[in-house]
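Quick notes on the structure that follows.
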Amino acid sequence: MKFVFLALLAPGRTHGYELKRRYDALFAAVWGPVNIGQIYVTLGRLEKDGLVTPEAVGQDGRPDRKDYELTDRGAQALDAWLAQSDAVPLPKSDLVLKLVGASLRGTGDARSIIGEHRQHCFQALRDLDTAAADLEPDSVAGLLAQGNALHLQAELSWLDHCESVLGSGPLRLTTDDTTSGAVP
Amino acid sequence: MTITDAALLARDVHKSFATATRRVEAVRGVDLEVRAGEWLAVMGPSGCGKSTLLHLLGGLDVADRGTVELDGIDLGTRSESERAVLRRSRVGYVFQFYNLVPDLDARENVEIAAQLAGAGRRDARRRTEALFDELGLAGALDASVTELSGGEQQRVALARALVNQPAVLLADEPTGALDTDSARAVLALLRRAHDDGQTIVMVTHDHRVAAAADRILVMQDGQIRDERTLASADGPVLADLLPLDR
Amino acid sequence: MGATVRLAGASFRRRSRSQVLALAVVCAMAATAVVAGLAAQTSAADLADRAYETAGRPDLVLYGSEAALARAAGDPAVAAGGQALPVAADLETVVDGRPVELEMIGVEATDLPAVGAPQLVDGRWADGPDEIVAERSLVSEDVVEVGGLLRVDTADGPRDLRVVGAAVDISDCFWPTCDPLRTFAPPQTVADLAGPDGVSHLAAYRLVDAEAAAAVGGRLLADPAVGIDGANNWPDTRSDILIVGTVFSTLVGGFGTILLLAAAFVVAGATAARMVARRRSLGLLRAVGFRPVQLYLAVWIEHLVVGTIGVTVGWLVGTALAPAFQAGLGDVLPGEPTRLDLRSLVVAAVLVLSLLTVSVLVPAVRAVRRPPTEALQDVPPSASGGRALAGLARRLGAGPSTQAGVRRTFARPGRAVLAGGALAVAAAGTVIAVGFLTTLSDVSADPAVTGNPWDVAVAPRTASAGEIEAALTDTDGVAAWFTEDETAGTVDGVGYTVRLMGGDPVAAGYVVQEGRALRSPDEAIVGYGVLEETGLDIGDPLVVTVDEETVELEIVGWYSDTADGGKMIQVREEAFPATDPDPTWRVVVADGASADAVATDLQARFGVTASVEALEVDDIAGAYAAMVAMAGLLLLVAFVNLVATTVSSTRERARALGVLRTIGCSTGQLVGQSAVGAGMLGFLAAAVAVPVGWWVSLELGDALTAGIGIGPGFASSPPLGLALGVVVAVVGLAAAAGALATVGLARRSAAALVRYE
């Protein structure tokens with residue numbers, strides 16, 4: 001998140017409330033408006049790390065406003081983060097472990113575990129589409145919604161694949177010494 | 001034996017085909033009930049029998065065994081002609097490809113369906129124009145089929161399917177051949193029809209499309225393997241659905 | 001019903017103009033053929049029958065003395081008529097430089113007979129002693145013209161008479177088929193001009209039973225108590241008048257049928273192709289709730305509209321052309337100008353539209369009956385034919401490229417059959433045309449076949465037999481001669497013409513079909529018509545009465561003669577010793593000599609002592625042209641159809657061609673493959689059609705020759721070279737069609753072909 005704040009300062013120095021405004025415009029639709037206190041806390045940390053620098057700005061008849069600005073180090077850090085490649089999304093799957101567990105335990109068949117998970121994915125997809133109905137596709141929220149919907153679709157496709165591969169019975173295990181304990 | 005609010009009923013339905021080289025059992029003992037106003041999605045790998053099931057539900061084909069009841073009428077006891085007549089007013093079909101008769105223009109494709117069901121020429125015209133307006137096709141009335149994009153053609157097909165206010169709308173991969181935007185538009189129209197009370201049975205391979213339905217059946221090898229009912233979404237908020245790794 | 005009609009209308013509006021035009025043209029052609037065929041069949045006969053009715057139905061014309069004719073009038077078989085007209089029979093005139101016999105019949109304009117009166121069609125009846133009216137055929141054959149003069153040679157010398165009118169007379173057939181020339185004049189003129197033989201008489205009778213005319217005539221002729229000298233009956237006269245009409249009607253009727261068949265194949269092929277292209281639409285329409293019956297109806301209505309327009313146009317064209325099919329009789333017999341005959345429209349409409357219905361509905365039913373679920377899936381109907389033929393091609397050494405072409409042509413056996421069918425019909429039609437023409441030209445080129453196996457006739461006036469034979473022996477170019485005297489005879493009371501032969505008629509070469517030529521006086525040979533009518537056969541006895549002399553003869557053969565519908569009997573003149581022969585010499589010229597030259601020579605030698613005439617051969621150039629045109633038209637139709645049906649299977653072919661392109665076939669190879677495949681189709685079509693056409697042309701030829709009295713067995717086979725030529729032409733045409741249909745596609749890139757929509 002700190003890099004998001006650095007990026008919010010990239011257009012030019014500004015003060016806390018302005019930062020909140022910028023943040024909300026981009027992210028409020030998805031994660032709700034940000035707390036102003038949270039902004040100052042984060043700014044403080046960034047200042048301590050030397051990535052931003054405060055500056056007092058005089059205002060007529062009012063107390064001084066505190067503006068923050070990216071330092072050179074801050075700009076470099078931001079650029080470094082931008083240049084960094086992202087992790088490829090390879091979700092870890094509890095489902096496979098559950099399938100193994102269930103077959104070792106001898107309870108429940110693969111099909112019902114998959115079915116339950118499928119129900120949740122479908123419901124999430126439905127809810128997501130309903131909630132995201134009014135989002136602009138070119139907004140942060142719109143991109144995220146599409147991304148997650150596609151991930152859910154992928155998960156559902158994978159569930160279909162699991163089902164067709166596993167047939168109607170227990171998981172077929174790959175090593176011999178575990179098959180001896182398998183219960184039909 | 002009929003549940004009166006079931007728009008569609010299938011009991012132990014079997015259907016097989018003989019091709020040149022072998023016999024294929026497309027549907028092997030399917031039971032299902034579709035209530036009036038319900039939206040059912042049928043999914044499954046290709047060759048699982050979902051399209052065949054759809055044809056049986058609409059009377060386009062006849063089951064080898066078992067009963068299919070459409071709006072309370074047992075389709076198995078009806079002749080081909082009678083089923084054709086039933087299809088006119090009780091069933092609306094939307095297919096994945098080739099939904100419109102290229103010999104007719106957009107308006108004619110819909111008006112002819114209305115006239116076939118007994119509407120007079122003026123009445124058919126009126127209903128068609130109203131539907132085209134609703135479906136955002138007002139400018140396409142006199143276009144020839146080849147002038148329309150895939151999405152527009154599919155919407156015209158939807159108009160044709162709905163012009164006689166059928167008991168059931170049967171859609172076979174309605175968004176399968178469309179690009180994302182057209183698919184979304186068609187899905188929105190289906191949602192709207194459903195909101196107006198239209199019973200829909202839809203075959204699809206697209207999970208996202210299926211997720212719009214009230215109930216989802218998953219078929220495999222001619223049988224229903226899984227059935228999931230989905231709740232209408234009014235609880236969850238976007239933030240819960242899009243967790244941010246802070 | 002409204003939805004069905006709407007569907008028909010909308011589909012009709014979407015069809016390409018060329019398709020609609022092609023269908024309309026085919027229907028129009030077929031309708032024209034039907035109407036023309038009807039005209040040919042009925043028109044000439046109509047005219048003849050109309051003349052018969054107008055003349056008061058003269059079933060029988062008798063010649064003899066007034067007393068004899070009066071006695072005949074009292075016969076119970078006679079219903080009306082019998083008014084005797086004076087006849088001067090011994091007159092002569094000169095036509096084209098040679099003397100011909102002329103007959104003058106006395107008619108009083110104010111006292112025309114109720115039955116059998118000549119019908120004035122031009123000018124007026126003769127008034128004074130220098131006026132005559134000519135029989136109509138004399139005018140149409142340019143012997144005289146109304147208002148002109150005719151020099152008549154009488155016993156008292158030549159008289160110039162003015163022709164003041166023309167009349168149609170059906171007491172006998174027309175000049176020049178029948179001689180003498182007939183004219184009409186006031187009875188006084190007849191009496192004045194009659195020669196030393198004086199005035200004889202003729203009268204026409206209407207009988208109680210018109211069918212019995214020949215029998216009644218024969219009976220009266222044979223009855224010495226009545227004393228009749230000669231008899232003509234209307235059925236015989238009518239068949240003489242209509243000979244050419246029979247030829248024409250066989251021709252046009254045959255062609256009309258062939259054209260209808262070709263049209264049926266063309267329409268069926270086009271419809272089948274269109275139904276295949278529309279199969280998904282049909283599936284969709286059924287899914288939406290159209291019943292199969294409604295779809296058939298829609299397709300039918302769509303085609304029927306076009307067909308009806310085509311038929312109407314064809315009817316108008318056919319009616320306009322009808323006078324051409326009146327076989328020349330329109331010039332002679334009076335007839336009303338062509339009016340639009342609703343009957344022929346109805347017949348044409350029923351025939352053509354029924355054929356259209358069948359041609360359209362059969363493919364439509366096949367296409368509609370496919371389960372809609374299948375039709376919607378865009379699974380093209382099975383296209384697995386052609387394997388056997390491709391295998392054959394391989395065994396004949398064809399490479400894989402050629403085999404692919406063969407496979408492609410025959411992939412849809414049904415469609416190949418239809419396109420091939422049209423080709424086959426065209427090929428058969430061509431063979432039939434050629435065969436028919438060959439028969440016709442052989443028949444007309446060889447007068448022996450029509451019963452006139454001689455080149456020059458010498459009719460003596462004052463020359464003696466010895467003088468004539470001396471002159472014949474002396475003249476260059478004369479190969480042989482015999483004598484012939486036609487007289488009236490009866491067999492079993494039925495009248496026949498009997499030819500008394502002298503000299504050596506075998507030299508002439510009457511075409512004896514079965515049996516052998518005449519040799520001895522107790523033999524007879526007969527025309528086919530006699531066998532048909534009497535039911536006798538070769539070897540049977542024939543009892544003939546001539547001039548009260550009855551003789552039993554043995555039938556030793558039948559020969560070919562068109563006169564009197566083949567009802568002629570030939571005997572040696574010695575068979576009837578009591579009869580005084582009045583022979584004409586028939587001269588056969590040597591090979592290479594010109595009949596006209598010999599005739600001129602002889603005429604010069606005889607002067608006025610004898611009349612010499614060279615035999616004219618009928619000109620059938622007109623028939624040639626008509627048949628060639630019709631055959632050409634058929635082939636064109638089949639060619640265009642083949643191109644059209646091949647082109648219309650474009651979508652699947654485009655994909656197939658695209659695949660072949662991707663694996664490296666060049667444009668030339670693709671075109672070549674299609675040409676070979678289509679050529680093979682053409683070969684198969686011709687292989688079936690040529691033998692069938694051959695057989696049909698023989699049958700048709702036999703029907704023709706039997707119809708005009710020659711008898712069956714004279715049909716000539718089309719020359720073998722020509723039949724093979726037809727095969728080659730059909731193969732070439734088909735190959736060209738296949739190539740033409742592919743050329744446009746073959747030039748595109750593989751990508752474009754595979755994407756072809």
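We name chains A, B, ... by the order of the sequence lines, and we start the count at 1 in each one.
- Contacts of A213(B) with chain A are made by backbone atoms alone, with heavy-atom separations under 4.5 Å and no side-chain atom involved.
- Under the rule for a ring-ring contact (aromatic ring centres under 6.0 Å, His included), the partners of F27(A) that lie at least two apart in sequence or sit in another chain are Y23(A), W31(A).
- Among residues 192-208 of chain B, the residues having any heavy atom closer than 4.5 Å to a heavy atom of chain A are, in sequence order, D206(B), H207(B), R208(B).
- One finds a salt bridge joining R118(A) and D160(A) here, because a Lys/Arg side-chain nitrogen approaches an Asp/Glu carboxylate oxygen to under 4.0 Å.
- Side chain of D71(B) to main chain of R90(B): no donor-acceptor pair is present (N/O by atom type, distance under 3.5 Å, no hydrogens or angles).
- When heavy atoms are compared at a cutoff of 4.5 Å, A133(A) does not approach chain B at all.
- At a threshold of 4.0 Å, the pair R126(A)-D214(B) counts as salt-bridged, since one of the basic side-chain nitrogens sits closer than that to a carboxylate oxygen.
- In terms of heavy-atom proximity, A211(B) sits nearest to L230(B) at O-CD1, 3.7 Å.
- Using a 4.0 Å cut-off between charged side-chain N and carboxylate O, R65(A) and D67(A) make a salt bridge.
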Go through the steps to decide whether Q153(B) and N99(B) satisfy the test side-chain hydrogen bond (donor to acceptor under 3.5 Å, both in side chains), and finish with yes or no. CA-CA 7 Å; Q153(B) 286 185 33; N99(B) 246 310; over 6 Å; no
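- Looking at residues two or more places apart in sequence or on another chain, you find no side-chain contact (heavy atoms from CB on, under 4.5 Å) involving Q165(B).
- Looking at S182(B), its side chain never comes within 3.5 Å of a backbone N or O of L178(B) through a donor-acceptor pair.
- For I114(A), no part lies near chain B; criterion is any non-hydrogen pair under 4.5 Å.
- Salt-bridge check for E55(A) with R13(A): passed, with a basic side-chain N closer than 4.0 Å to an acidic carboxylate O.
- Salt bridge annotation for D24(A)-R22(A): absent, with no cationic side-chain nitrogen under 4.0 angstrom from a carboxylate oxygen.
- Below 4.5 Å, heavy atoms of chain B meet heavy atoms from A149(A), Q153(A), L156(A), S157(A), all part of residues 149-159 of chain A.
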